[in-house]
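See below for the structure under consideration.
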Amino acid sequence: MQHAVGSPLPPPHQPGHGWMPAAHDPGAHRPGGHPGPAAHQGQVPHQGPAAHQGPAPHQGSAPHQGSAPVPPPPPAPGFAPPGPVPHTPHHVQAPQAPETTGHVPLPPGGPVGMPSAPPAASVPDASTTTIAVLLIGPAGAGKTSVAKYWADHRRVPTAHISLDDVREWVRSGFADPQSGWNDNSEAQYRLARRTCGFAARNFLANGISCILDDAVFPDRPVVGLGGWKRHVGPGLLPVVLLPGLEIVLERNAERAGNRRLTDEEVARIHGRMAGWYGSGLPIIDNSQLDVPQTARVLDDVLARSIASPPSW
């Protein structure tokens, strides 16, 4: 049997391959082996499944041998030909791959926003923080009045511990400061300070702030400021009230009882208190301030001390 040049050869007739020439070629069953109608018209006999790839060339119009177009070879078994490329409308742009540098994908380009302002540093609120304050100053500086007002107007529980009040707990044998400073008055002062320190620690342990007031001298750090630090703790915040000498003399004149000192004693104490300048402790000159104004300034000073505790 002859085949056109370039046509695929018919697969061999093997059982199980599904190629049955008699089922497709009607001339194969004619008596005498005469070809069917397709053979008289010059058509190529049906070649089974492979002949379905296209119509057979008509006799007389078939090209000469050697000039017939060569159809593409059949695909190899197990190979799927690539499907048609999907058509992309002109008005839709295909997504572009992100630009990369090495193996790190770069973010898409766009305008850079203005940087936001850094958050403002939060200032501690001294009126709501559980703290222990030591208000230092000469007689007539207004320590007791400011301490009471400050404790009364805080938004959290606060106690006022006055050293003078604790010293006066001693009724019989009280060492009156008007009689001068001696061993007896020194012993009672130390005892009152330890008692105040114990009370302050108890208040703080139960979430209650406290403010203490005392005339602590800068030239006696071990007995004065150092003693308060030992009895209350290192978190104690000392603040000095130091108005002018004329102011403390006027306020001392308004006192009564054993808390009123002589003008000479007031001047001597005020002169010794000047040693707090340059100590690093915050100092409030409340010469022109009333008690509420001084309390507000005290809150500001304590807020700074909480944020940056003074070294003492």
Side-chain angles (χ1 to χ4, degrees), residues 124 126-139 141-154 156-177 181-242 258-259 269 272-273 275-276 279-284 295 298-299 301-306 308-312:
S127 63
T128 59
T129 306
T130 302
I131 53 177
V133 182
L134 175 62
L135 208 53
I136 303 171
K143 301 184 301 296
T144 302
S145 299
V146 173
K148 286 182 176 179
Y149 182 92
W150 184 80
D152 286 340
H153 292 81
R154 295 195 79 219
V156 295
T158 305
H160 171 224
I161 306 174
S162 174
L163 179 70
D164 288 341
D165 290 345
V166 175
R167 288 177 65 243
E168 291 177 356
W169 288 357
V170 179
R171 308 306 298 173
S172 178
F174 172 69
D176 193 343
W181 194 263
N182 51 40
D183 292 342
N184 193 22
S185 58
E186 176 75 19
Q188 290 187 9
Y189 169 77
R190 289 174 180 268
L191 178 59
R193 188 180 58 194
R194 287 196 300 268
T195 303
C196 291
F198 176 78
R201 292 197 308 272
N202 249 349
F203 282 125
L204 294 172
N206 289 275
I208 299 177
S209 298
C210 57
I211 182 169
L212 309 100
D213 61 90
D214 184 22
V216 180
F217 295 107
D219 53 358
R220 302 184 69 187
V222 177
V223 177
L225 197 57
W228 281 112
K229 187 175 182 178
R230 288 194 306 272
H231 294 309
V232 179
L236 182 66
L237 300 176
V239 180
V240 181
L241 282 184
L242 193 54
N258 59 7
R259 295 196 178 185
I269 294 175
R272 292 177 66 182
M273 290 290 175
W276 286 118
S279 65
L281 297 185
I283 298 176
I284 300 175
L298 177 60
D299 271 335
V301 171
L302 291 175
R304 292 193 294 270
S305 296
I306 295 172
S308 179
S311 57
W312 57 286

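Because only heavy atoms are used, hydrogens play no part in the values below, and waters and symmetry mates are left out as well, while side chains stay in.
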Taking atom CG of Asp183 as the centre, does the number of heavy atoms from other residues, nucleotides or ligands within less than 6.0 Å exceed 12? no

So, taking the atom named CG in Asp214 and the one named CG in Asp164, what distance separates them when rounded to the nearest 0.5 Å? 7.5 Å

Regarding His160 and Asp152, do their side chains bring together a donor and an acceptor under 3.5 Å, going by distance alone? no

Counting only N and O atoms by type, is there a donor-acceptor contact under 3.5 Å from the side chain of Asn182 to the main-chain atoms of Asn184? yes

Grab the two heavy atoms, one from Arg167 and one from Ala192, that are nearest each other, plus how far apart they are. CG-CB, 3.4 Å

Closest approach of Trp228 to Gly197 (non-hydrogen atoms, all atoms of both residues): CZ3-N, 4.3 Å

Step by step, would you call Ile131 with Arg154 a side-chain contact (heavy atoms from CB on, under 4.5 Å)? CA-CA 11 Å; Ile131 53 177; Arg154 295 195 79 219; 4.2 Å; yes

Of all the heavy-atom pairs spanning Val170 and Ser172, show the shortest one and how long it is. CG1-O, 3.6 Å

Tell me whether Asp165 contacts the main-chain N or O of Ile161 through its side chain, where contact means a donor paired with an acceptor under 3.5 Å. no

Please report the closest heavy-atom contact between Val232 and Ala132, naming both atoms and the distance. CG1-CB, 4.2 Å

Nearest 0.5 Å, please: how far is CZ in Arg190 from OG in Ser185? 11.0 Å

Give the C-alpha distance, both sets of side-chain angles, the deciding distance and a yes or no for side-chain contact (heavy atoms from CB on, under 4.5 Å) between Trp169 and Val166. CA-CA 5 Å; Trp169 288 357; Val166 175; 3.9 Å; yes

Minimum-distance pair of heavy atoms, taken over all atoms of Trp276 and Phe217: CZ2-C, 3.9 Å

Value for CG (Leu225) from CG (Leu236), rounded to nearest 0.5 Å, stands at 7.5 Å

Rounded distance (nearest 0.5 Å) linking atom CE of Met273 with atom CD1 of Ile136: 7.5 Å

Do Ile211 and Leu298 have side chains that get closer than 4.5 Å, going by heavy atoms? yes

From His231 NE2 over to Leu212 CG, what is the distance, rounded to the nearest 0.5 angstrom? 11.5 Å

Kindly say whether Leu135 contributes a backbone atom to a donor-acceptor pair with the side chain of Lys143 at under 3.5 angstrom? no

Taking every heavy atom of Cys196 against every heavy atom of Ser162, the minimum-distance pair comes out as SG-O, 4.4 Å

Within this structure, what is the CG-CG distance for the pair Leu242 and Leu281, rounded to the nearest 0.5 Å? 11.5 Å

